[in-house]
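Below is one structure, written out as structure tokens, with a few remarks after it.
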Amino acid sequence: MSTLTKYILSFISGLSLYLIMFVALVYFNFIYYTTGFFAFIIFVFIVSVVFRSLAYKFATKNERPDLFYMIFIGSFVIPTLIHVLIFL
């Protein structure tokens, strides 16, 4: 797999995590507000750790796995911040 493909996959993974968590937060907030928030924090932490370990595992010699991880986190955090600013 090429480096560009890994960058694109990192971006799509982070964006899909945002979409999944947006739907989950809407669902949980209608039922239990605090349960949705804590589920959000725990799930994002677990996915982040798993993605980071996979990025380091599948990186080749000339690649920087921390960039894959930063793209993943950035493509999740930036839409989340925009969402908070618009809907808060």
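These numbers were taken from a predicted model, which means no experiment stands behind them. Both backbone and side-chain heavy atoms feed into the values below; hydrogens, waters and symmetry mates do not.
The side-chain contact (heavy atoms from CB on, under 4.5 Å) test with K6 singles out one residue from T60, L67, I71, and that residue is T60.
Using modelled atom types, one finds a donor on one side chain and an acceptor on the other under 3.5 Å when comparing T5 with S2. In this structure, a donor-acceptor pair under 3.5 Å is absent between the side chains of Y69 and S10.
Within 6.0 Å of the OH atom in Y7, the count of heavy atoms belonging to other residues, nucleotides or ligands exceeds 12. For L19, the CG atom counts as densely surrounded, since its 6.0 Å shell holds more than 12 non-hydrogen atoms of other residues, nucleotides or ligands.
Connection of F11 to I73 is not established within any shared hydrophobic cluster, with ILVMFWY side chains joined at heavy-atom distances below 4.5 Å, either directly or through further cluster members. Residues V23 and L15 do not share a hydrophobic cluster, defined by chaining ILVMFWY side chains whose heavy atoms lie under 4.5 Å apart. Cluster annotation: M21 and V47 are assigned to the same hydrophobic cluster (Ile/Leu/Val/Met/Phe/Trp/Tyr, side-chain heavy-atom contacts under 4.5 Å, transitive). By the rule that hydrophobic residues join a cluster once side-chain heavy atoms approach within less than 4.5 Å of another member, L4 and I12 end up as members of one cluster.
H83 has its side chain within reach of Y18: a pair of non-hydrogen atoms, C-beta onward, lies under 4.5 Å apart. Contact annotation: the side chain of L17 approaches that of F72 to within less than 4.5 Å [non-hydrogen atoms, C-beta and beyond].
Contact detail for E63 and A59: the closest heavy-atom pair is OE1-CA, 3.5 Å. Closest approach of F68 and A55 over heavy atoms only: CB-CB, 4.2 Å.
A distance of 7.5 Å separates CG in D66 from CZ in R52, rounded to the nearest 0.5 Å. Rounding to the nearest 0.5 Å places CD1 of I8 at 12.5 Å from OG of S75.
In terms of the side-chain contact (heavy atoms from CB on, under 4.5 Å) criterion, residue partners of L81 (sequence neighbours excluded) are, by chain and number, V77.
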